[in-house]
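This report concerns only the one structure given below.
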Amino acid sequence: MKRALGLTLITLLAALALLAAGRGVAGEQGKVEGDAIAGGRIYDNWILALDTAPPQQDQPLWAQQESNQRGGVITWRCVECHGWDYKGADGAYGPYSNHYTGFTGLDGMIGASQDQVLAWLDGTNNPEHNFLQPTNATALNDLAAFLRTMQVNTDLLIDPDTGAALGDNDAGRDLYESACASCHDDNGAKINFGSNLEPLYLGDIAVGDPWQAMHKIRFGSPTTGRMPSSEEENWSLSMAADVLAYMQTLQRGNPDFAILSANPDQPVPVEQQARIDPLVWGAFAIMAVVGLSVAWDLFFKRQPL
């Protein structure tokens, strides 16, 4: 019995050592190539981010849908097909939005390998989805890094039905005044993102399309020398949600501006986007401690008095 218990203990320790070693190898294999924050700006508008001339014809896959009547350059932007919330047809650009295309979301890219994601970007998996030709290999590496590592479940930051930011208004006010007001002014109306006839101020974007506002808070403007990235400033996601909550209280120039939120009759699955490694390893540690404790207790109970 003593020998069996000893072998059990050795087996448990060996299993933990192998798991740790496997984690180390996985960590080495999972190193991110490319600049994920730059990739977020490329996702927003690679034409501006790369300062390059776009194709003038529609993106080849655009012909597969008939709902979204836009055409030309905008059809080449990642966001026009997959949405600011990255959920495609299952999110804010769903059937009740005038941006609807029916194209899928991008959650399948999360955690995939760099090569797997690049195969969807450079035409390997689908020649009609070849973005290598109008961009370059560095840009696609950055975009793949964003898709693999920096997508978040926006349902944890923004109510998918109402568009209300799930942040703290008071905390957001302090963040806004220290980081945003110098460019956007205290009321958010210093920059007009629309036209004189149909102005769009910061408050309009925050309320009417909060998913776009969140993406731009996190990754900044795709144009050089404009809005910085909260990710580069090491803001947490909750801080981004806080400042968005405050932005939704700012002056509006066009109260009618809004994209329609996700279909309330079509629940959006809440996938887990947080880092789960600590939870997994915590579970393994608890199992190991319990196993060792049981084995130790049985060992001493078997000893003669």
Side-chain angles (χ1 to χ4, degrees), residues 32-65 68 70-89 91-93 97 99-110 112-152 154 193 200 205 209 211-232 259:
V32 178
E33 301 175 48
D35 182 336
I37 294 175
R41 293 191 283 266
I42 289 168
Y43 180 86
D44 175 341
N45 191 330
W46 59 266
I47 300 159
L48 293 179
L50 303 178
D51 191 20
T52 188
Q56 295 304 305
Q57 72 278 12
D58 289 356
Q59 207 283 337
L61 291 173
W62 199 251
Q64 294 186 8
Q65 63 85 40
N68 190 325
R70 295 167 180 81
V73 172
I74 197 172
T75 68
W76 285 89
R77 289 178 63 183
C78 309
V79 68
E80 193 60 29
C81 291
H82 304 291
W84 294 104
D85 58 4
Y86 328 121
K87 296 177 183 289
Y93 278 9
S97 166
H99 289 269
Y100 177 67
T101 60
F103 293 123
T104 62
L106 299 168
D107 60 332
M109 302 292 99
I110 300 169
S113 72
Q114 191 81 353
D115 287 342
Q116 287 173 325
V117 178
L118 286 173
W120 285 108
L121 301 176
D122 64 11
T124 299
N125 289 343
N126 186 341
E128 293 189 327
H129 198 266
N130 182 355
F131 282 81
L132 180 59
Q133 186 174 12
T135 63
N136 57 66
T138 299
L140 292 194
N141 262 326
D142 293 345
L143 178 56
F146 159 72
L147 294 172
R148 293 177 57 212
T149 68
M150 298 201 75
Q151 290 188 69
V152 297
T154 56
F193 299 99
L200 289 178
I205 303 297
D209 192 353
W211 300 274
Q212 177 181 175
M214 176 57 68
H215 185 91
K216 289 185 180 291
I217 289 169
R218 293 184 63 212
F219 299 102
S221 168
T223 51
T224 305
R226 294 288 296 276
M227 181 173 166
S229 158
S230 72
E231 293 287 347
E232 291 175 317
I259 67 164

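Residues take their numbers from the sequence shown, with the count starting at 1.
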As a quick check of understanding, evaluate side-chain contact (heavy atoms from CB on, under 4.5 Å) for Arg70 and His99, giving each step before the final call.
CA-CA 9 Å; Arg70 295 167 180 81; His99 289 269; 3.3 Å; yes

Please find the pair of heavy atoms, one from Ser229 and one from Arg41, that lie closest to each other, and give the distance.
CB-NH1, 4.2 Å

Within a reach of under 6.0 Å around CZ of Arg226, are more than 12 heavy atoms found that belong to other residues, nucleotides or ligands?
no

Please tell me whether Asp122 and Thr124 have a donor and an acceptor in their side chains that are separated by less than 3.5 angstrom.
yes

Gap separating the CG atom of Asp209 from the CH2 atom of Trp211, nearest 0.5 angstrom:
7.0 Å

Rounded to the nearest 0.5 angstrom, the CD1-OG1 distance for Ile47 and Thr223 is 13.5 Å

In short, Glu80 meets Thr101 closest at the heavy-atom pair O-CG2, 3.9 Å

Which atoms form the tightest heavy-atom contact between Thr149 and Ala36, and what is the distance?
OG1-CB, 3.8 Å

Would you check, one step at a time, whether the test side-chain contact (heavy atoms from CB on, under 4.5 Å) holds for Met214 with Trp84?
CA-CA 8 Å; Met214 176 57 68; Trp84 294 104; over 6 Å; no

Using distance alone, with no hydrogens and no angle criterion, decide if His82 and Tyr43 have a side-chain donor and acceptor under 3.5 Å apart.
no

Counting only N and O atoms by type, is there a donor-acceptor contact under 3.5 Å from the side chain of Arg148 to the main-chain atoms of Ile110?
no

Looking only at atom types and distance, does a side-chain atom of Thr75 sit under 3.5 Å from a main-chain N or O of Trp62, one as donor and one as acceptor?
no

Counting only N and O atoms by type, is there a donor-acceptor contact under 3.5 Å from the side chain of His129 to the main-chain atoms of Trp120?
yes

If you measure from CD1 on Ile42 to CG on Leu140, what distance do you get to the nearest 0.5 Å?
8.0 Å

Pairwise side chain to side chain donor-acceptor pair (under 3.5 Å) hits with a residue in residues 131-142, at least two apart
Gln114-Asn141

Between CG on residue Leu147 and OH on residue Tyr86, distance to nearest 0.5 Å
9.5 Å

Nearest heavy atoms of Leu132 and Ala137, plus distance in Å
CD1-N, 3.6 Å

Nearest-0.5 Å distance, CH2 of residue Trp76 to CG of residue Asn45
13.5 Å

Taking side chain as C-beta onward, heavy atoms only, is Trp46 less than 4.5 Å from Pro134?
yes

Spatial distance of atom SG (Cys78) from atom CZ (Phe131) [nearest 0.5 Å]:
5.5 Å

Side chain to side chain contact (heavy atoms under 4.5 Å, CB included) with Glu128: which residues, sequence neighbours excluded?
Pro60, Leu61, Gln64, Asn126

All heavy atoms of Ala89 vs all of Tyr100, minimum pair found to be CB-CE1, 3.8 Å

Quick check: closest heavy atoms across Gly91 and Asp85, and the distance to 0.1 Å?
CA-OD2, 3.4 Å

Whether Gln57 side chain and Pro55 backbone form a donor-acceptor pair below 3.5 Å:
no

Would Phe146 and Ile37 count as a side-chain contact (heavy atoms from CB on, under 4.5 Å) if you check the C-alpha gap in whole Å, the side-chain angles of each, and the deciding distance to 0.1 Å?
CA-CA 7 Å; Phe146 159 72; Ile37 294 175; over 6 Å; no

Test side-chain contact (heavy atoms from CB on, under 4.5 Å) applied to Thr154 and His215, step by step:
CA-CA 10 Å; Thr154 56; His215 185 91; over 6 Å; no

Filter on salt bridge (charged side-chain N to carboxylate O under 4.0 Å, His left out), then keep only pairs touching residues 212-224, sequence neighbours left out; what's left?
Asp44-Lys216, Arg218-Glu231

Residue pair Gln151 / Asp107, side-chain donor-acceptor N/O under 3.5 Å:
no

